[in-house]
Amino acid sequence: MVIVMSPQAGPVELGQVQERLQELGFGLHVSKGVERTIIGAIGEKTPELIHAIEALAGVEKVVPILKPFKLASKEFSAHTEVKVGHVTFGGEQIVVVAGPCAVEDEEQLLTTARRIKEAGAQILRGGAYKPRTSPYSFQGLEEEGLKLLQAAGAETGLPVVTEVVNPKDVELVAKYADMFQIGARNMQNFTLLREVGQSKKPVILKRGLAATVEEWLMAAEYIMKEGNYQVVLCERGIRTFETATRNTMDLSAIPLIKELSHLPVIADPSHATGRKSLILPMSKAAVAAGADGLMVEVHPRPEQALSDGPQSLNLNEFGALLDGVQPLIKVMGRKV
Ligand code: PEP
Ligand code: MN
């Protein structure tokens, strides 16, 4: 349930309410807004208990959260902005995250980083640990890749996001990156979710290949329950019977997430379609559906890429993509 404190309530009332809820065995998540403080209280509740809490001094109202996800729900908070360096997800800006599927070498990464920045992207992406379908495919440069990412970020001033696949690597990845990515294959790796939840770094949480919207929000809940509320959801397509595209981009998930949750949501048309030619139309569609950002794979020489070449845009194509989406961003009252 959410306990909304009245605007007049001071620290004494807040302390008393927190103490009482703790005595009753609730887990507490306090969010201090400009006007009022709200307390997310997770635990078993009864109608009598709700009335008893409502009667406490300083409490304006108690709102039960009926959904299985609590901290991720719209009842807990109306809106969340996730900040990564100078970039804000969930604000007016459409945040463009771009870069290669995998970090391959210094030249590949730096060339890409410089050009995506010039074209208007705000965050550099690149995988150092690659969860590949085949164990014989390129698995990533690991720590060497993280170092290259950090250096490219420092040179261009772009914050960097990279995937972490193993709970044991969370600390190491946090040393080099500004933001974690949890990939589709790990969306329900609960140990990994808890581990990034204990870190203070923001997280992009990709939707699992066969995850329902509710399962996806429950995965966000795992991270938030540990105290890390800096979660950005990413729709990257789901498995359906259709094989003409790599996955099926579930556009309706974007406005649905906006109805159910306060977390920012972005779209990844690269993995969702697996086809270069569909990235521009699906980027426009995602922005029109209310997405807060885009994630796009870019490589200086897609035909030589060690992973996801067929869906990667080259540097000029990426420039054209942003030019193409720009009018729609304006129509939606947003900016790049
Ligand atoms: C990626 O972003 O390179 C990636 C592996 O994405 P996903 O987890 O969505 O497949
Ligand atoms: Mn990829």
Side-chain angles (χ1 to χ4, degrees), residues 95-104 108-109 112 116 121 123-135 137-142 145-146 148-149 160-166 169 173 177-189 192-193 196 202-211 213 215-216 219-220 223 231-240 245-251 253-254 257 265-276 278-279 282-283 286 291 293-314 318:
V95 178
V96 180
V97 182
C101 181
V103 176
E104 297 172 7
Q108 170 241 21
L109 189 64
T112 311
I116 61 149
I123 296 190
L124 174 65
R125 61 146 287 152
Y129 298 88
K130 294 307 301 174
R132 305 303 298 280
T133 301
S134 164
S137 301
F138 177 58
Q139 303 286 309
L141 297 181
E142 304 188 344
L146 296 175
L148 292 175
L149 266 175
V160 298
V161 58
T162 196
E163 180 166 352
V164 57
V165 298
N166 190 329
D169 294 331
V173 172
D178 301 292
M179 187 176 203
F180 293 114
Q181 177 172 315
I182 300 289
R185 288 154 195 81
N186 271 310
M187 190 206 81
Q188 283 187 318
N189 181 338
L192 182 63
L193 297 177
V196 297
V203 185
I204 291 182
L205 175 64
K206 290 191 140 194
R207 181 175 182 181
L209 295 118
V213 166
E215 287 164 342
W216 187 16
I223 300 172
V231 180
V232 175
L233 300 163
C234 178
E235 164 61 40
R236 49 77 70 206
I238 48 173
R239 278 281 168 91
T240 66
T245 46
R246 183 176 175 183
N247 292 289
T248 297
M249 188 156 160
D250 182 8
L251 269 180
I254 296 168
I257 289 286
V265 57
I266 66 171
D268 170 354
S270 302
H271 292 89
T273 67
R275 285 172 176 256
K276 274 171 126 159
L278 300 183
I279 294 176
M282 294 317 283
S283 295
L294 298 168
M295 176 182 277
V296 181
E297 285 190 338
V298 183
H299 193 289
R301 296 164 297 279
E303 59 295 342
Q304 290 168 23
L306 296 181
S307 70
D308 286 351
Q311 69 192 33
S312 299
L313 299 181
N314 69 29
F318 179 70

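One-based numbering, in listed order, for ligands and for the atoms of each.
From the protein, the heavy atom lying nearest to atom 2 (O) of ligand 1 is R125 NH1, 2.7 Å. Protein heavy atom at the shortest distance from atom 6 (O) of ligand 1 is K206 NZ, 2.9 Å. The protein heavy-atom contact nearest to atom 9 (O) of ligand 1 is R236 NE, 2.6 Å.
A177 and V160 make their closest contact through CA-CG2, 3.8 Å (heavy atoms, listed as atom of the first residue, atom of the second, distance).
Ligand 1 lies nowhere less than 4.0 angstrom from a heavy atom belonging to G127. Not a single heavy atom of R207 lies less than 4.0 angstrom from ligand 1.
Side-chain atoms of K206 and M187, non-hydrogen and from C-beta on, never get closer than 4.5 Å to each other. Inter-residue side-chain proximity for N247 and R239 is flagged as met; some heavy-atom pair is nearer than 4.5 Å. Between T112 and H299 there is no side-chain heavy-atom pair separated by less than 4.5 Å. At least one side-chain heavy atom of L149 sits less than 4.5 Å from a side-chain heavy atom of L124.
Counting non-hydrogen atoms of neighbouring residues, nucleotides and ligands closer than 6.0 angstrom, the CZ atom of R301 exceeds 12 such neighbours. No more than 12 heavy atoms of other residues, nucleotides or ligands shown are found within 6.0 angstrom of CZ on R275.
With respect to the Mn ion (ligand 2), E297 has OE2 as its nearest N, O or S atom.
Under the 4.0 Å criterion applied to side-chain N and carboxylate O atoms, E163 and R125 are not assigned as salt-bridge partners.
Of the N or O atoms in K130, one or more lie within a sub-3.5 Å distance of an N or O in ligand 1. In terms of polar-atom proximity, D308 is not counted as a contact of ligand 1, lacking any N or O under 3.5 Å from an N or O of the ligand. The shortest N/O to N/O separation between P131 and ligand 1 does not fall below 3.5 Å.
In this structure, OD2 of D308 and NE2 of H271 enclose an angle of 90° at the Mn ion (ligand 2), rounded to 10°.
Under a 4.0 Å criterion applied to the non-hydrogen atoms of G183, ligand 1 contributes the atoms 8 (O). Of all atoms in ligand 1, listed by their number and element, those nearer than 4.0 Å to a heavy atom of A184 are 7 (P), 8 (O), 9 (O). Near C101, meaning under 4.0 Å from any of its heavy atoms, are these atoms of ligand 1: 3 (O).
Nearest to atom 4 (C) of ligand 1 by heavy atom, out of M187, R132, H271, is H271.
Applying side chain to side chain contact (heavy atoms under 4.5 Å, CB included) to I182 and the options N189, V231, V196, I204 leaves one that passes, V196.
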